[in-house]
Amino acid sequence: MSDVDNDSVVVSEEVSDALADGKPVVALESTIFSSLGLPAPDNGEAYRRCIGAIRDGGGVPALTTILDGHGRVGIVDDELERVLACSRKVASRELPVAIGLRWEAGVTTVSASLALAAVAGIKVFATGGIGGVHRDSEISSDISADLDALARYPVGCVSAGAKAFLDLARTLEYLETKGVPVVGLGTDHFPAFYTRSSGLDVPVRVDSAEEAAAILVAGDSVGHRGGVLFAVPIPEADALDEARLDAALDGALRDASTAGLTGPAVTPFVLGRIMEATEGRSIPANLALAENNARVGVAIAAAYAGQR
Ligand code: PSU
Ligand code: MN
């Protein structure tokens, strides 16, 4: 392992060698692979498929997480079980807490992962779906830290949009306010995670990894301070039926409100209820879109490495 700056963030040897050699590297979050994101054994399966897609694309995966009081970028195989079993959520605001107080383990959300990727100098990050503006945010004030992290860290984030339990129109509005480019990859519409379209337009469409990478390269050269959100629809064959899903989402949100949950507990609770309400159909869809995003991520990272 080699250190970045100090030993707060430890970048694995494989990842730091790849970065030094200008090879494509794709950062991943760890919450999606923990019990907060997917039930076992699907979480391990999701991880293996994402890693496989990145390696098949000629890249190096960099899982971000917290272990033994360090922010970690890249793990070795025998550390994986600790990550999969962890349920201590680390968003960007918990990064200083987890490292400063030497938490034994923590799983990073999109916001914390973007922060760690930026520290390590990784330009591309892939996940399933980002957090966003919650439907009741005018009452709860619940807006995911993922959105501010996208505005802050100079990393391209590949996601299948965000789940429709969020207010996607206001999520897009917030990203515009914060100056985050939202780019549909092969689509004119912002995807809604399990379904290919939310019905909302994306402001920009590209049709290749090369074009996506060109936006990142240009961002570097004009001093664009934050990241870019690349929105990739779930593959057609894996998409869920929209009507059935809407019923599941409404039930999940009602249950969350009855349970009186707030803060970081909301999203994992709603995810769990959606899984139950779709009788598990959401899981293969989730794995397929995460793998697809990892595949797109490595293509963008490779194009970025080539253009720089
Ligand atoms: N959306 C999903 N699956 C997930 C998450 C979101 O479909 O696992 C996780 C991600 O780690 C994301 C986090 O960054 O939830 C957002 O949580 P919150 O809404 O508390 O910001
Ligand atoms: Mn929240």
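Worth knowing before you read on, the calculation uses all heavy atoms, side chains too, and leaves out hydrogens, waters and symmetry mates. Quantities reported herein were computed from a predicted structural model and do not represent experimental measurements. Counting convention: from 1, in listed order, for ligands and their atoms alike.
Counting only residues at least two apart or in different chains, ring-ring contact (aromatic ring centres under 6.0 Å, His included) contacts with residues 23-79 comprise Phe33-Tyr47. The list of ring-ring contact (aromatic ring centres under 6.0 Å, His included) pairs with a residue in residues 169-209, not counting sequence neighbours, is empty.
For CD of Glu104, the number of neighbouring non-hydrogen atoms (other residues, nucleotides, ligands) closer than 6.0 Å is 12 at most.
Take the Mn ion (ligand 2) and draw a sphere of radius 2.8 Å; the protein N/O/S atoms inside it number 1.
Annotation: Ser111 places no N or O atom under 3.5 Å from an N or O atom of ligand 1; distance criterion only. For ligand 1, one of its N or O atoms has an N or O atom of Asp146 under 3.5 Å away. Below 3.5 Å of separation, one finds an N or O of Val110 facing an N or O of ligand 1.
Close contacts of ligand 1 with His134, meaning ligand atoms under 4.0 Å from a residue heavy atom, involve 19 (O).
In Thr109, the parts holding a heavy atom less than 4.0 Å from any atom of ligand 1 are both the side chain and the backbone. Only the side chain of Leu271 comes within 4.0 Å of ligand 1, counting heavy atoms alone; its backbone N, CA, C and O stay farther away.
Remark: Ala305 pairs with no residue by the side chain to side chain contact (heavy atoms under 4.5 Å, CB included) rule, at least two apart or across chains.
Salt bridge annotation for Glu14-Arg55: present, with a cationic side-chain nitrogen under 4.0 angstrom from a carboxylate oxygen.
With Ser137 contributing its side chain and Val133 its backbone, the two residues share no donor-acceptor pair below 3.5 Å.
Partner Asp250 forms a salt bridge (Lys or Arg N to Asp or Glu O under 4.0 Å) with one of Arg244, Arg273, Arg135 and no other, that one being Arg135.
A donor atom on one side chain and an acceptor atom on the other are not found under 3.5 Å apart for Asn286 and Ser282.
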